[in-house]
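Here is the structure we will look at, set down as structure tokens.
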Amino acid sequence: MHGSKAVRQIIYDRKDPRTPYRDLERDEVFREYLRKILEKLPPEYQSRRKYALMPSIADEKTRTRYKRAVEAAIPGIVVVPEPEMVAEYFRLLKRTMELEAGRNNVLLVVDVGAATTNMTLVVSRRDQSIVSPDSRGAQRDLRLRALRGDSVGHAGRWVDQRLCELLGVDVTDAALRAIEDAKVRSSSGGTAITFKVPLSEKQLTIDRQTLVSVSGELWSGLRPLFERLCERLYDNQTSSADAKRKSKELFEQRRVTGPSDAHRLIDTILLAGGTSLLPGFQDAMMETLFPDGDQPEVLRVGSSFAIAAAVGGLAHILHNYDPPRLREPNEQGRDVFTAPLESTLPYPLLLGMKQSADREQQIIVLDPNDPFVDDGGKRQIEDLPALAKGSQPKTRLVPGPAAGMSARQGRQFRAMKVRESPGKMELEWDPVRERATIRSNQVDETGHLWIDAYMLRKRQEPALDPFDELLDSEALAVDGANDIILDLGMSKIVAVTANRGWTSAQELERVVREGVNVDGRAPGTTAEKKDDRETVRADVLDRSPQQRISEAKAAEVANGQSLTRSLVPDNGDIGKNSKEKKDKSGSFAPTELAAAPGLTPSTQATPNEEDRFDWGERVADSEFSQALASLKDTVKSAEPHLHFDDVVVALLALAVRPFVLLAGPPGCGKSTLVRLIARMLGKKIGETFHEVAVQAHWENDGVLFGETGLLSHLLKERTLSHLILFDEFNLTRPEYYLSRLFHALDGGNGVIAQDTTIAPCRVFGTLNIDDSSRPPSPKVLDRCFLLELKQVSWDMEGPAGLSNLASIPPLPGLPAISVGGANTDARVDAVLQALHLAVHDHELRHDLLPSRRVLSDIKALLNLHHRLDLQGKGLLDRDELVDRVIASRILVKLSGAFDQLQPALDALEKVVDGVDELPRTRRRLKLARQQARLGFISPWQ
């Protein structure tokens, strides 16, 4: 992720000019790596709210690219700052760090890992919230990379290379692995280790004295970094007259007169990373960094820094529920952590804008990683679209989607009035009140553009099943929460979540200190007897280079490293109906996992591939997505009025469901879209692509499959796969002429009659809703994916239709489908739950609920979008896909008498209120509300 080269090459042999090589898009590879990590999570945790720790990256472009890659690869993830989460581990869980009220507490986080050393200063403000300082008070920093422009630096690998030099060994991968192993054994045992490197008979020895010497050299190399941090700390404490006044007493007490004395302001050092365990390492650090002997307290986490950061992050999340999910025992059951540590702004603030009938455009006006968050003040908003004088664009100010639907509900669009062009606007941010306001002297009616961001820090959700058993004095109560936090390190991947139960701070300290074994248990436990006091579950990537090489041959790998499941034993379980009883030993008996409230068990359905009559060539994800990306410009050139989103969604739908319906007004391009897709899939007119004009008098399928039927040859020649277009699909009832075809293609394995099968097919149908046709029945809609097209623009030039199909190269095939990975979305879940509760609470018709087939299709589509990296490649926004599946696979079944549907309609309108990234969903609900005066609701206009 570092460096200026966006494309890297893998070269087999650099000495051979004809050697094979591959060009790799850096960000694309990173996104694929992240997707593999997500897929390795246990299935029962993949649908939980996800958070990722943001490492300290100094370069703004690299930091932004890293954050965007994580958000594109893991939909709905929230990125939180890592150094603050390490502090939360010591404060909330280990409880060895206390902040002194009324002054700034200064923490130095030092992470000396395998590849990099990260140093970050963390300051708790007087209001007891945490910030990370620069000269203006905010920026997180990875100073080593900033100073050296290198992603290696003085860290574990540097120590191994230095040991190679001292031992007179050539620096090779094999030698580094052998030296790393000997270094670790000598550090942990305190004894001299004799060993050999591969292809050498020379006996080598690493002892404590050698390691102490190298530790001193390491910290000598890091001293300039520390001095720079001290300069930033001094600037932070004296950057204004008010800051100088508040710092005066402490400066006098600590004898601080300039930047060279600023190290005396540091209260605590949080020391982490495997390399920090080297003999003499801490002594060398303290002597180097604090030569005058005035040394702060040192808190250590050693090689399990990643687990500590992830567990601290999870504790932070649990603590910031309202009511909190992490509690100490007391008679009242109230929260006793009285000094909440708040990181920077938890979610970006977005200015949503609509001009005429356009889809909402969102401009980021304040990002959590922006130093302006802590500085505050006023500044112009960049990237605003041109606002013409006299126009009345509609706007709103909302938090980012990761804040959840409830945080965005009720924030409606309101019209502004542009007095002068270009309509400049400015953001005013008050970091103390945490209030954002947008003002303008060129645009009127902006009074609705404000937000109190501090309201976003607490997730207002009562615990569904709070833990209320008796607790020991050293225990912490944990209410199960739907959250999981990821630490995406360079040498270790950690995923942590919490179940309902209780945990011991001492046990967590042991787990963090000793790590998690690769067999899935905390150190000191066995398969027969587990410690029941631990509620944290962790999935840890932790392999030596030798293990990684050997395991890569047999296991699926992500970026050369295999992710193995490792579960710390838990003492409870999730679910509203679960019961726990405390026995004499203090353990809990887990019960069966209960389904999530409001969702039917059918949400767990998965497609059965054996029941599908497959069609065409199924190709690898990367092959399909790359081919599709290369076609985008060609397709837009051939048909500029065609929305490429429609093309992508149609292809995804065709991969998942054998029947796809295209609905829209006449002349909007439905048939054109099908002909384009036929060309993209390599189908030839009259041979493998067939257009059938449906007639109103059809009463059976004899016209299709009789002796002289239009499709009779598909019953005789079955070696090729075919694409069929039924034009005006509903001119007569589809059940009359397609009943057998529905069965054959969707579960019937191609059997259309006794001893007769049809060639593999996929079917498109164009759908017109007017006086000459009938709406499809719910049974038909359940078996089809509905894709609605918009009317073409009134000012389009030239006739619709593809002018140059020959210029469009065919795709290699369709991608395979599966259910797993990122197959859920909070907005889909919210709509399903609202509909489910409305149906059951008001005893409405159960056919309003989506079937197992529909739920399975939605999961498969979301997972396919995720696997193909369509968001990262800019081919299809996930919001667009989510909007389409809600509107056309869930809400399309809202049909019937208004008095029978009103409770469901009310519940759905409430849940999507303010969620304007779902325009189709909101429009369908608005249509239903308008039809209420007629007494009958239909999904069609």
Side-chain angles (χ1 to χ4, degrees), residues 615-616 635 638-639 641-642 646-647 649-651 653-654 657-718 720-742 744-745 752 758-770 772-773 776 780 783-789 792 799-808 810-811 814:
W615 175 85
V635 170
E639 181 48 71
H641 303 290
L642 195 66
D646 292 334
V647 177
V649 175
L651 288 169
L654 208 61
R657 182 128 297 279
F659 286 85
V660 178
L661 296 183
L662 303 179
C668 68
K670 298 185 293 294
S671 299
T672 298
L673 176 60
V674 177
R675 294 174 189 133
L676 168 64
I677 290 177
R679 170 62 190 176
M680 293 174 69
L681 294 173
K683 303 304 174 185
K684 297 181 180 179
I685 298 176
E687 296 181 17
T688 52
F689 175 50
H690 315 278
E691 294 192 41
V692 178
V694 176
Q695 302 298 310
H697 64 272
W698 288 0
E699 296 181 351
N700 55 57
D701 63 4
V703 70
L704 299 178
F705 303 117
E707 286 294 329
T708 60
L710 299 174
L711 301 176
S712 59
H713 56 288
L714 272 65
L715 305 179
K716 303 171 184 177
E717 196 287 312
R718 296 187 290 272
L720 301 175
S721 58
H722 299 257
L723 183 66
I724 305 171
L725 166 60
F726 288 104
D727 195 23
E728 297 201 57
F729 176 82
N730 60 321
L731 199 57
T732 187
R733 287 190 178 277
E735 297 94 326
Y736 290 168
Y737 67 97
L738 288 181
S739 179
R740 290 198 297 168
L741 188 60
F742 273 130
L745 300 187
I752 201 166
I758 191 171
C761 299
R762 280 294 188 265
V763 176
F764 275 107
T766 62
L767 186 65
N768 290 324
I769 303 298
D770 52 31
S772 64
S773 60
V780 170
R783 292 180 175 271
C784 301
F785 185 95
L786 179 67
L787 176 60
E788 295 184 88
L789 305 184
V792 296
L802 293 172
S803 57
N804 187 15
L805 286 174
S807 66
I808 302 175
L811 293 167
L814 291 176

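All residue numbers in this chain count up from 1 along the given sequence.
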Going by side-chain hydrogen bond (donor to acceptor under 3.5 Å, both in side chains), name the residues that satisfy it together with Gln695, two or more places apart in sequence or in a different chain.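 Partners of Gln695 by the side-chain hydrogen bond (donor to acceptor under 3.5 Å, both in side chains) criterion come out as none, since no residue qualifies.
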
Going by the rule side-chain hydrogen bond (donor to acceptor under 3.5 Å, both in side chains), which residues pair with Asn700 if we only count those two or more places apart in sequence or in a different chain?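 Asn700 satisfies side-chain hydrogen bond (donor to acceptor under 3.5 Å, both in side chains) with no other residue.
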
Between Lys683 (side chain only) and Ser721 (backbone N and O only), is there a donor and an acceptor less than 3.5 Å apart?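 The answer is yes, because a donor-acceptor pair under 3.5 Å joins these two groups.
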
Between the side chain of Lys670 and the main-chain N/O of Leu789, is any donor-acceptor distance below 3.5 Å?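 Not at all, since once roles are kept as given, no pair shorter than 3.5 Å links the two residues.
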
Quick one: which residue pairs count as a ring pair (Phe, Tyr, Trp, His ring centres under 6.0 Å) with a foot in residues 660-685, not counting sequence neighbours?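 Passing the test, one end in residues 660-685: no pairs.
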
Kindly write out the residues that satisfy ring pair (Phe, Tyr, Trp, His ring centres under 6.0 Å) with Phe726, not counting sequence neighbours, or none if the list is empty.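 If we apply the ring pair (Phe, Tyr, Trp, His ring centres under 6.0 Å) test to Phe726, skipping adjacent residues, the hits are Tyr737.
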
With sequence neighbours excluded, what pairs up with Phe785 under the ring pair (Phe, Tyr, Trp, His ring centres under 6.0 Å) test?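 Partners of Phe785 by the ring pair (Phe, Tyr, Trp, His ring centres under 6.0 Å) criterion come out as none, since no residue qualifies.
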
Tell me which pairs pass salt bridge (Lys or Arg N to Asp or Glu O under 4.0 Å) where either residue lies in residues 694-712, with sequence neighbours left out.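 As it turns out, the salt bridge (Lys or Arg N to Asp or Glu O under 4.0 Å) pairs with a partner in residues 694-712, which skip direct neighbours, are Asp701-Arg740.
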
Passing candidate, side-chain contact (heavy atoms from CB on, under 4.5 Å) with Phe764, options Leu673, Ile677, Leu661: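 Only one option passes, and that is Ile677.
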
Side chain to side chain contact (heavy atoms under 4.5 Å, CB included) involving Glu687 - partner list, sequence neighbours excluded: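 Partners of Glu687 by the side chain to side chain contact (heavy atoms under 4.5 Å, CB included) criterion, ordered by chain and then number, come out as Lys684.
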
What pairs with Leu715 under side chain to side chain contact (heavy atoms under 4.5 Å, CB included), at least two apart in sequence or on another chain?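 Side chain to side chain contact (heavy atoms under 4.5 Å, CB included) check on Leu715 returns Phe705, Ile752, Thr756, Ile758.
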
Residue pair Leu787 / Asp646: nearest heavy atoms and the distance that separates them: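 Scanning both residues, the minimum pair turns out to be CD2-O, 3.7 Å.
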
